[in-house]
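The analysis underlying the following values was restricted to heavy atoms, covering all of them including side chains, and did not include hydrogens, waters or symmetry mates. Remember, it's a predicted structure, so these values are computed and weren't measured experimentally.
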Amino acid sequence: MAINFQVTTMNSYSVKELLSENLLLQEVTINGWVKTFRSNRFIALNDGSTINNIQCVVDFESFDEDVLKQVNTGAAVKITGTLVESQGKGQKVEIQVTGLTIHGGADPETYPIQPKKHSLEFLREKAHLRIRTNTFAAIMRVRSALSFGVHQYFQQNGFNYFHAPIITGSDAEGAGEMFKVSTLDSKNPPLTEDGNIDYKEDFFGKETNLTVSGQLEAETYAMALGKVYTFGPTFRAENSNTSRHLAEFWMIEPEMAFFDLNDNMDLAEDFIKNVIKYVLENCQDDLQFLEKRLLDEEKTKPQAERSEMPLIEKLKFVSENSFKRVTYTEAIDILRNSKPNKKKKFKYPINEWGADLQSEHERFLVEKHFKCPVILFDYPATIKAFYMRLNEDGKTVRAMDILFPGIGEIVGGSQREERLDVLKEKMAALGIDEEELWWYLDLRKFGSAVHSGFGLGFERLVLFATGMGNIRDVIPFPRTPQNAEF
């Protein structure tokens, strides 16, 4: 039997329940934080359950003045009273307060989150308190709903949730931008005879790092369970301060046995559409608030920099329309012949086949040329990872990226190389030690089969769903170069 702990255990309701349930003329109790207290009479109370506040009306003559003096913005309070139809505008119901308890005060002289507009930069410095603002409360409720939508989609489609290791001895991306994990004395580490650090003396007996991807390990489980997915933290020691990069972020990585590239693209598109639909159905109030916030923000921007669609319309457009599928070669031709390229407006001009696409190129294809999400596939082998299946032309691999407006790449994936001899040749050409990935090669020796997967950076999905412009504002405590506060 399901138990509503808020009602039966705490003997109190949430703001969301009071605003949605038929509890008129009943005595109710609610706990929350004061947003504002006007005229020594009207408390706007919020408990995090919804973007909306509930108005609590106090007869100040009936309460101790010393208690009312503590009802400041940010104070935690318990309120008891009768839920009645509101006499004023802006809300349907309100509480006529009969009991008021101060759980914890908030000094108005020092509490930084006062009821006024704060810059996002200021709030990043107060990341432990910024969740008290409407903007960040809305973002984090949407993030929570997206998380649930991710799990619900995979669980309903026959996937097993796989927990990839966070500490690993392999570099899945081959980028080398990894955080080392070591217990050795940094000032006086043990050395080998040739003067290098002797990692055999380390905790794990070898050089280890924080993972950049759970993909390689997920492949091992897909080749026994059929369909698996990871959803966990990953780490990248890239010294980048852009609005799209974090050092610690969450990755969603499904891996599927017997899926080719077309199956992979179909799944990725269906997955994203369904998760966005889930948020549209379950976060209407928060999305409406974030849409209004975005519209107000964009009024200060030049027309050319404004979004072509309001937030909710954009989410519906993505969830209801097919993504355009284009080969890398077709995309290069489009970019090479585009006006920005010919007029040298791109920071990175496109001159020849084989160029690695930058965010400006991806966004041009999505926002200007096709005006819809785009799936690019069949990339040059030289710009993609070793594990991607080589096409028959010997030049391209079965890779795919999904590009979104305002974001650029949001998903990267591929059909994996299932042929042992081809995989070994690619690893040798790139100088990847077979002994380090002996277990990965075993998958191609014992029951190998066509298989595919993709990775989706969760924060980029949250960025798109909320309309925010900086990835540091869609994760609770951002980890970036020179910043590991809180």
A.B. asks: With ring centroids as reference points, do Phe148 and Tyr278 lie under 6.0 angstrom apart?
C.D. replies: yes

A.B. asks: Using the six-membered ring of Phe404, assess whether NZ or CZ of Lys314 lies under 6.0 Å from its centre and within 45 degrees of the ring axis.
C.D. replies: no

A.B. asks: For this output row, return yes or no: ring centroids of Phe249 and Phe235 closer than 6.0 angstrom.
C.D. replies: no

A.B. asks: With no hydrogens and no angle check, is any side-chain donor or acceptor of Glu330 less than 3.5 Å from a backbone partner on Thr327?
C.D. replies: yes

A.B. asks: Begin from the C-alpha positions of Leu311 and Thr466 and carry the test side chain to side chain contact (heavy atoms under 4.5 Å, CB included) through to its verdict.
C.D. replies: CA-CA 8 Å; Leu311 178 61; Thr466 59; 5.6 Å; no

A.B. asks: Is the Lys NZ or Arg CZ of Lys426 less than 6.0 Å from the centre of Phe386's six-membered ring, within 45° of the axis?
C.D. replies: no

A.B. asks: Heavy-atom distance under 4.5 Å between the side chains of Asn239 and Glu177, does that happen here?
C.D. replies: no

A.B. asks: Quick one: which of Arg398, Lys395, Arg325 gives a salt bridge (charged side-chain N to carboxylate O under 4.0 Å, His left out) with Asp378?
C.D. replies: Arg398

A.B. asks: Taking the cut-offs as 6.0 angstrom to the six-membered ring centre and 45 degrees off its axis, would you call Arg444 and Tyr440 a cation-pi pair?
C.D. replies: yes

A.B. asks: May I ask you to check whether Tyr229 and His151 place their ring centres under 6.0 Å from each other?
C.D. replies: yes

A.B. asks: Counting distance only, does the side-chain N/O of Ser319 pair as donor-acceptor with the main-chain N or O of Leu315 below 3.5 Å?
C.D. replies: yes

A.B. asks: Compare all side-chain heavy atoms of Asn196 with those of Leu191 and state whether any distance is below 4.5 angstrom.
C.D. replies: no

A.B. asks: Determine the sole option in Arg389, Glu417, Glu219, Gln415 for which the side-chain contact (heavy atoms from CB on, under 4.5 Å) test with His451 is passed.
C.D. replies: Glu219

A.B. asks: Is any side-chain N of the basic residue among Asp401 and Lys384 closer than 4.0 Å to the acidic one's carboxylate O?
C.D. replies: yes

A.B. asks: Applying side chain to side chain contact (heavy atoms under 4.5 Å, CB included), run through Phe464 and Ile276 and close with a yes or a no.
C.D. replies: CA-CA 10 Å; Phe464 180 76; Ile276 289 175; 4.0 Å; yes

A.B. asks: A cation-pi test, strictly: NZ or CZ of Lys227 under 6.0 Å from the centre of the six-membered ring of Phe259 and no more than 45 degrees from its axis. Yes or no?
C.D. replies: no

A.B. asks: For Ser359 and Arg244, run side chain to side chain contact (heavy atoms under 4.5 Å, CB included): C-alpha distance rounded to whole Å, both residues' side-chain angles, the deciding distance at 0.1 Å, then the answer.
C.D. replies: CA-CA 10 Å; Ser359 179; Arg244 298 168 65 245; 3.9 Å; yes

